[in-house]
Each structure stands twice: as structure tokens, then as C-alpha cells.
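Numbers restart at 1 for each chain; the letters A, B, ... are given by sequence-line order, proteins then strands. Bear in mind that the values here come from a model prediction, so they are computed numbers and not experimental data.
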Amino acid sequence: GQQVMQIPQYQHVQEGEDFTTYCNSSTTLSNIQWYKQRPGGHPVFLIQLVKSGEVKKQKRLTFQFGEAKKNSSLHITATQTTDVGTYFCAGHSGSARQLTFGSGTQLTVLP
Amino acid sequence: DGGITQSPKYLFRKEGQNVTLSCEQNLNHDAMYWYRQDPGQGLRLIYYSQIVNDFQKGDIAEGYSVSREKKESFPLTVTSAQKNPTAFYLCASRRGTNEKLFFGSGTQLSVL
């Protein structure tokens, strides 16, 4: 079945440093979604990427979808303490009707 | 406010007991989902329902059961057959395939 791997599992950064999490799928994805889960909270949708090579920005967050539609990344510029949480990618493959989630990257931002 | 409501927030299960987690949505979404989250891990799909009176097993359905008698409601029962039920359970819904998921605030289930 479809597998989605996400690295790193944990990342500690100093406030102001950049952060990147990577997502790799065993199969070609029709689209990929990113979610953020704050400590003690529930996942909240951030963005969806659909096109090969697509890049989208949300303020300090930059999302990329690979040319082969098998990988994606989330980059945060100049992290802030409000960025703390776990970031999940989740993808649909062509035949699967359900999202497969990555294991998440837990981001800690040290003040 | 439109959204998904899960209850209770915390639940304790005794040995051999079945417990039911509630999930209600007023978003008029057809599809509803149950996920299990273990510490430091991703979300694993337990059951999902695309339409009323129909549901499908996810990746880890053993020891769980669901019903979908109303569009708004998708309760999850954790049966005594689930030997390791301690986890954070998340209910979600969405309008259709390839749409984003809306999550409830979750239920933390622990075993006494």
C-alpha cells in the first residue's frame, strides 16, 4: 500500500532560524496536503498542492511539490515561538480515495 | 459556529468494557473519518464513511466498530477486543474526495 515518510521526526531550532520538513511518498500523488497540530490540539489544514513543481507561500511558510509528484517540503523562514507544533503531510495517490498521513515532524522553537 | 464536536474530551476504559466516542458535525459534509494517534506518531485511519448508512474499514479497524445512521453523526465504539486502546482519537470530516479535512478536538482514551 501507499506509504508516506516524513523527516526529520523531531527538530529543535533557535528562534529566528529556518526550518524544513520533507515528505516522500512510495507512489505518485494526485495531491498533497499539509496540516499543523499545536501541542494538545488537533490538526489544522494549512495548504494543498496539486500541480507538479508547484510552489505556494503563506507569509513565512513555503510549500513545494516535487516534479515527479512523489515528494514535498515545507520551509519556514525565521521561525517564531508560534510555529511550535507538529507538521504533517498527507497525500492521495491516484487510486486511493483516502489520505495517507506522514508520521509528522515535531518542531520546537527555543526562545 | 460550524464545526465538529467530539465528546468526551477524556475517557477511561475498564478491562473488558466497550466504550463509545461521539462525533457530531454541522458542516453538512458527506464524508467522515476516525483516526488514531499514538504519541510521536502520525494519524492512522480506523474507519471512514462516504455516505449515510455506509462505512469502510481503514488500516487499523480491528477491535473497533462504527455506525452512520445520520449524516451528522459518526460514533466510534472501542470494543474489548482492542487490546491496546490507549490513544488520542480524532474525528474528521470533509465535503468530498481531495478536499481538506476538518478535525474535531479529539478524545484521549486511557485504560484503567
Side-chain angles (χ1 to χ4, degrees), chain A residues 1-12 21-26 29-51 56 58 63 65 69 85-108, chain B residues 2-10 21 23-25 27 29-51 54-61 66 74 87-109:
Chain A
Q2 180 188 0
Q3 290 188 342
V4 177
M5 285 74 67
Q6 198 172 344
I7 57 169
Q9 188 174 1
Y10 302 97
Q11 183 78 61
H12 295 179
T21 174
Y22 301 90
C23 187
N24 290 285
S25 171
S26 58
L29 300 170
S30 55
N31 58 55
I32 193 158
Q33 298 178 357
W34 285 91
Y35 292 81
K36 177 183 178 181
Q37 184 176 23
R38 294 183 185 274
H42 58 275
V44 174
F45 175 82
L46 293 176
I47 208 161
Q48 176 167 278
L49 305 171
V50 179
K51 299 177 183 176
K56 287 188 176 180
Q58 289 180 349
F63 303 84
F65 200 9
K69 300 184 75 173
T86 301
Y87 293 85
F88 292 99
C89 62
H92 287 99
S93 69
S95 58
R97 303 185 70 180
Q98 310 314 322
L99 278 171
T100 299
F101 278 81
S103 54
T105 295
Q106 186 175 319
L107 174 63
T108 301
Chain B
I4 301 179
T5 302
Q6 285 188 244
S7 62
K9 191 170 178 66
Y10 300 97
L21 285 61
C23 178
E24 303 278 331
Q25 55 100 358
L27 298 167
H29 288 169
D30 285 315
M32 296 188 74
Y33 304 81
W34 275 104
Y35 290 93
R36 170 178 171 143
Q37 185 175 30
D38 293 282
Q41 296 190 30
L43 282 64
R44 293 184 290 169
L45 183 63
I46 305 172
Y47 267 98
Y48 63 98
S49 169
Q50 306 274 23
I51 198 168
D54 185 52
F55 50 82
Q56 308 294 331
K57 292 182 179 180
D59 300 321
I60 55 166
V66 293
F74 191 40
F88 188 52
Y89 291 86
L90 285 158
C91 179
S93 73
R94 62 180 178 178
R95 194 169 52 183
T97 306
N98 293 322
E99 299 278 340
K100 64 183 179 182
L101 286 169
F102 291 81
F103 284 87
S105 55
T107 293
Q108 175 64 50
L109 175 63

Requested in this report: Answer yes if the ring centres of A:Phe101 and B:Tyr35 are under 6.0 angstrom apart, and no otherwise.
Outcome: yes
Report task. Go through the atoms of A:Gln106 and report whether side chain, backbone, both or neither lie under 4.5 Å from a heavy atom of chain B. Result -> neither
Requested in this report: Side chain from CB out, backbone as N, CA, C, O: work out which of these in A:Gln6 comes under 4.5 Å of a heavy atom of chain B, or both, or neither.
Outcome: neither
Report summary line: In this structure, CG of A:Leu99 is separated from NZ of B:Lys100 (nearest 0.5 Å) by 13.0 Å
With a 4.5 angstrom heavy-atom cut-off, could you sort out which part of [X] is near chain A: side chain, backbone, both or neither?
X        : result
B:Leu43  : both
B:Gln108 : neither
B:Leu90  : side chain
B:Phe103 : both

Report task. Go through the steps for A:His42 and B:Ser105 under the test side chain to side chain contact (heavy atoms under 4.5 Å, CB included), then give the verdict. Result -> CA-CA 5 Å; A:His42 58 275; B:Ser105 55; 4.3 Å; yes
Query raised in the report: Hey, is the main chain of A:Gln98 close enough, under 3.5 Å, to the side chain of B:Tyr33 for a donor-acceptor pair?
Result: no
Query - Expected output: side-chain A:Gln33 to main-chain B:Glu99 donor-acceptor under 3.5 Å - result: yes
Query raised in the report: Is the CZ atom of A:Phe45 crowded by more than 12 outside heavy atoms at less than 6.0 Å?
Result: yes
Query raised in the report: Out of B:Gln50, B:Gln56, B:Arg44, which one racks up the most heavy-atom pairs below 4.5 Å with chain A?
Result: B:Gln50
Requested in this report: Would you mind reporting whether A:Tyr35 and B:Leu101 have side-chain heavy atoms less than 4.5 Å apart?
Outcome: yes
